[in-house]
Every structure is written in C-alpha cells, then in structure tokens.
There are 2 protein chains.
Amino acid sequence: MAGQVQRQTGIALWRQIADRIRQAISAGAYDGTGMVPPEMVLAQQFGVNRHTVRSALAALSQEGIVRAVQGRGTLIERKERLNFPITRRTRFTAGIGEQARAMRGLLLGHGEEKADEEVARWLKLPPGAPVIRMETVRKADDRPVSCATTWFPADRFAGMPEAYEKAESITRAFAELGLADYVRATTEITAAHAEAGDLAALELTPGAIVLITKAMNTDLEGVPVQYAISRFAADRVQFTIEN
Amino acid sequence: MAGQVQRQTGIALWRQIADRIRQAISAGAYDGTGMVPPEMVLAQQFGVNRHTVRSALAALSQEGIVRAVQGRGTLIERKERLNFPITRRTRFTAGIGEQARAMRGLLLGHGEEKADEEVARWLKLPPGAPVIRMETVRKADDRPVSCATTWFPADRFAGMPEAYEKAESITRAFAELGLADYVRATTEITAAHAEAGDLAALELTPGAIVLITKAMNTDLEGVPVQYAISRFAADRVQFTIEN
DNA sequence: TTTAAATGTCTATTGATATAGACAACTATA
DNA sequence: TATAGTTGTCTATATCAATAGACATTTAAA
C-alpha cells in the first residue's frame with residue numbers, strides 16, 4: 001500500500017486515505033496485530049502529514065471500524081463484509097446464514113400509489129396500476145446493510161406493509177399473505193456515491209459508495225410479485241453470482 | 001434533483017455536483033433539450049454559487065460528457081451506459097451486441113508465474129502451480145470500459161497471450177487454442193474508489209467509482225479454465241443478472 | 001521506575017475550495 | 001439590429017484542507 005493518494009481532485013486526502021485503510025482492514029492486511037500501523041508510519045506510507053492521517057483515522061473511528069487508544073495504538077474493531085449470493089432463490093435474510101446472528105428488516109414508511117413507467121414495466125402492470133410502496137432498511141446485528149424501496153401489486157398484496165412490519169422479512173410476509181414460494185427473476189447492479197438519504201439510513205459518511213440493485217421477483221408461474229431498488233453500503237457487502 | 005450537496009465531508013462540492021449531473025444525464029433527465037440547464041439554474045437547484053457549478057461542468061467537459069458553447073448553453077455529448085448481462089454464457093464482446101460498434105480487448109502485459117493462494121483456489125489448482133497472467137484493457141468504440149488481470153492454467157493455455165493479442169477477445173483466443181466453448185461459473189461483485197492504476201487504464205478522474213468483478217469460467221466438463229479480476233468504470237456500465 | 005513509543009492537543013502557515021459581484025463575449029430570436 | 005439569455009473571465013474574500021512543529025499524556029516494556 002504505497003503512497004498513491006492524489007491531490008486537487010475534489011476528494012480530500014484524508015478521505016482517500018480513510019478509504020484505503022478501510023479496504024486494507026477488510027482485506028485482512030493487519031490481521032497479525034489487530035491494529036492499524038502507527039500514525040507516523042501511515043503518514044510516511046501515504047506521503048502526507050501525520051495530521052492528515054489522523055483525520056482519516058478519526059473518520060474510521062466515527063464509523064466504528066477502529067478505536068484509538070492513547071499510548072497503545074489504533075485497534076481494529078470490525079472487519080467483516082457480508083456476502084449476498086444472487087440466485088433464483090435469493091433471499092435477504094436466509095442468504096446470510098452464519099455471517100451474522102440477527103437479520104432484521106425495518107419498515108420506515110409505506111403507501112399506496114399509481115405505478116410510474118419504470119415500476120409498471122418491471123412488474124408487468126399497466127402504467128398507473130395501483131401498487132404498494134414500502135421504504136425499508138435491513139440490518140445485520142443492528143448494523144444497517146441496505147435500504148430499499150419496494151413495490152408490490154396492490155390488488156394481490158394489500159396487507160404487505162403490516163405483514164412485513166410484523167415478520168421483519170419479505171419471505172415471511174409473503175408466506176403470511178399466501179405466497180409460499182417465489183424466485184428471483186432479474187437483478188441489475190450499478191454503483192454510485194451515497195446520497196443524503198443513504199447517509200442517514202445506512203449510517204454512512206459522505207463520499208461512501210453504494211451498490212444499487214434493481215431486482216424483480218416472480219411467483220412460480222413467472223408472474224411478477226415484487227420490484228425493489230436496494231442500496232447497499234459497498235464497504236460492508238459483496239455479491240456472488242453462481243451460474 | 002434538489003439541493004442535497006453536503007459540506008465538510010472531504011468530497012468537494014464541485015465533485016458531488018459533477019457526479020449528480022452525470023447521473024442525471026445518464027438517466028435521461030435532459031433528453032428533451034439535449035442540454036444541461038443553465039449554470040444559474042443549476043446553482044440555485046444545488047444551493048451553491050455559480051462558480052462551483054462551473055467547476056463541476058468543467059470536470060464533466062474534461063470527461064467528454066458535456067461541451068459548453070458560449071452564448072448557447074452546455075450540450076450533452078454522451079449519455080450511454082453499457083449493459084453487461086451476467087449468465088452462464090457471459091462474454092465480454094458478444095454480450096455488448098448493438099450497444100457499441102467496436103469492442104476490442106488490448107493486451108497490456110503478460111507473464112508466467114506460480115499461482116498464489118487466491119488464484120489457486122479459484123482455478124482449483126495446487127498452490128504454486130504455473131499459471132499464465134494477462135493484463136488487459138477492454139474498449140467499446142475506443143472508450144475504455146474495464147481493465148482486468150486474468151489467469152489461465154499454464155499447461156493447458158500456454159499460447160494465450162499471443163492468441164489474445166491477435167484475436168482481441170478471450171472467446172476467440174480460446175477457440176484458437178482448441179477450447180470451442182466455455183461457461184461462466186461464478187461471479188463476485190464489489191465496488192470501490194478508483195485507484196491510481198484504474199485512473200490511467202480507464203481514463204477516469206480521481207474519486208471515480210469502479211465495479212470490481214472476480215469471475216471464474218470453466219469448460220463444459222466444469223474444469224476451471226480462467227480466473228479474472230476486472231475493474232469497470234462504474235459510470236459507464238451496469239450488470240444484469242437473469243436467473 | 002525509566003524510557004520508548006504511541007496517541008492527544010495546541011498554534012501557525014499555506015494552498016485549495018467556495019462565495020460574491022461585475023462585466024465581457026457570444027448566440028439565438030424578436 | 002437590438003435584446004435577452006447564456007457562457008467566459010476577472011478580482012476579492014472567507015472557509016476548509018493540509019502541512020509543520022512543539023509538547024502533553026498514556027501505555028507497555030526494559
């Protein structure tokens with residue numbers, strides 16, 4: 001990890017360094033000691049002043065990734081990255097398996113509305129058809145992993161928000177509404193810088209990256225039952241596609 | 001697109017605004033006029049000074065996305081985003097279809113080396129087994145889309161670099177070496193800020209986002225034939241997974 | 001108990017970022 | 001051919017980001 005930070009790019013040096021250290025931690029670069037190298041060493045590696053490194057470490061400390069202890073050093077608190085397999089049987093909660101103890105989905109808000117052009121196309125409904133919209137955030141061990149806007153055909157899944165709020169899971173909410181099984185039909189993946197809404201919902205710092213998925217699930221007959229736009233904190237997750 | 005830029009975050013306002021405008025262009029927000037709104041209008045929308053908007057537009061102009069014409073306005077030059085379907089039959093060149101006229105793969109460098117732990121695991125070889133490594137960059141209509149490091153079992157595909165350089169495509173190079181068909185077995189997707197090497201290879205500006213895939217292909221018997229780590233310019237591509 | 005090594009705090013200075021205002025130069029159109 | 005609307009350029013000022021140095025405080029080990 002040599003000094004490859006770049007100046008005058010609109011990205012502050014302390015942020016570039018924070019991103020690099022976060023990635024190094026996630027890759028297990030400091031597993032031997034469980035600590036980040038001393039500030040002076042990092043400053044030399046990146047070719048910057050010690051105070052600039054301190055700004056970066058302060059940001060990581062704010063994220064809960066490291067904890068500085070005067071006299072000892074800067075300890076690594078957290079380094080996991082959740083893996084999400086994307087298959088026909090993709091489910092948010094079940095896919096996590098052993099990676100976290102508790103997976104929960106929280107309902108932030110919901111409403112009934114007319115499908116816009118995009119939602120109608122994905123759900124294969126006529127534009128303007130009534131749909132249920134839900135805003136949710138999903139957490140692994142109380143740490144936010146993704147936030148999502150989800151649409152369901154209103155005539156078929158009218159009670160969805162209430163069922164989801166109780167079950168804290170789409171799969172269980174579907175089951176309660178009489179849909180025993182469903183499959184992932186299509187997933188689109190892009191990436192972007194986090195926006196204001198992401199920062200609040202996912203407890204991110206500005207400049208962070210979000211992975212954005214647009215996903216459509218169908219019942220076993222191939223009829224769309226759900227369309228979701230999810231935004232994942234990129235430094236906490238990865239996706240796996242098995243073909 | 002209201003004024004949601006954030007201050008004192010380590011990301012300069014002009015960069016946040018450039019990212020937002022790039023995304024709006026890509027989403028077709030200005031298709032009606034083919035132009036970005038006037039600088040004063042954007043400044044008001046984002047709640048910043050006109051000069052800050054000008055810095056953002058200057059960056060987009062540098063990327064070749066817009067072109068300012070004094071007296072008229074700021075014209076949109078380019079708005080495409082390439083789609084890459086990820087299926088068992090994922091191929092870089094063929095998957096593009098009509099989206100670009102010419103897809104080319106260029107060989108930057110290559111060598112033979114011993115498989116490290118990661119490469120050996122993916123290719124299901126004993127650690128230290130000889131592998132061919134290739135560094136490539138792939139372009140659509142002369143615009144860089146991704147750069148990749150690719151490994152092949154050395155005993156089976158010794159002539160790979162030469163074949164690739166001539167064919168400018170993995171698929172055709174495989175065919176030349178006697179492998180008529182292959183399938184995508186596994187794909188992992190993550191995202192990160194672009195590093196120095198990405199900036200050069202992909203002609204990006206610092207702070208840009210890269211989508212990173214780790215992919216393994218097998219022959220029809222399920223024997224691994226290729227492992228690749230590819231880095232895509234996130235604002236130029238999206239992935240689609242059809243299950 | 002010293003001492004070395006690490007983080008914490010403070011002051012000062014420089015360069016990049018952002019704001020503010022004024023006016024020039026160019027384009028399209030009434 | 002005016003005129004309104006737009007981008008281009010200039011000066012000035014304030015705030016944030018980064019550097020530099022000095023010294024305090026805490027921890028662990030000699």
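Order of the sequence lines fixes the chain letters, A, B, ..., with proteins taken first and strands second; residue numbering starts at 1 for each chain.
- Side-chain proximity of B:Ala68 to the nucleotides D:dA18, D:dG21, D:dG8 is greatest for D:dG8.
- To the nearest angstrom, P of C:dT9 lies 7 Å from CZ of A:Arg54.
- Going from atom CD1 of B:Ile11 over to atom C1' of C:dA16 covers 15 Å, rounded to whole Å.
- As rounded to whole Å, 16 Å separates atom P of C:dA16 from atom CZ of B:Arg15.
- Of the residues listed (A:Arg104, A:Lys139, A:Arg138), the one engaging A:Glu168 in a side-chain hydrogen bond (donor to acceptor under 3.5 Å, both in side chains) is A:Arg104, and it is the only one.
- Across the protein-nucleic acid pair, A:Phe46 atom CZ and D:dA17 atom P stand 19 Å apart, rounded to whole Å.
- The base of D:dG21 sits within donor-acceptor range of the side chain of A:His51, with an N or O pair under 3.5 Å.
- Note: A:Phe239 and A:Phe232 have perpendicular aromatic rings, judged against thresholds of 30 and 60 degrees for the angle between ring planes.
- Remark: C1' of D:dA17 and CZ of A:Arg50 are 17 Å apart, rounded to the nearest angstrom.
- Side chain of B:Thr90 to backbone of B:Pro85: a donor-acceptor contact under 3.5 angstrom is found.
- The nearest whole Å value for the distance from the CH2 atom in B:Trp14 to the P atom in C:dT19 is 14 Å.
- We find that CD1 of A:Ile76 is positioned 13 Å from P of C:dT7, with the value rounded to whole Å.
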* To do: Heavy atoms under 4.0 Å is the rule here; annotate nucleotides 1-6 of chain D 5' to 3' with B where the base is hit, S where only the sugar-phosphate is, and - elsewhere.
  => ----BB
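- The nearest whole Å value for the distance from the CG atom in A:Leu60 to the P atom in C:dT7 is 13 Å.
- Rounding to the nearest 0.5 angstrom, the gap separating the CD atom in B:Glu188 from the CG atom in A:Asn83 is 6.0 Å.
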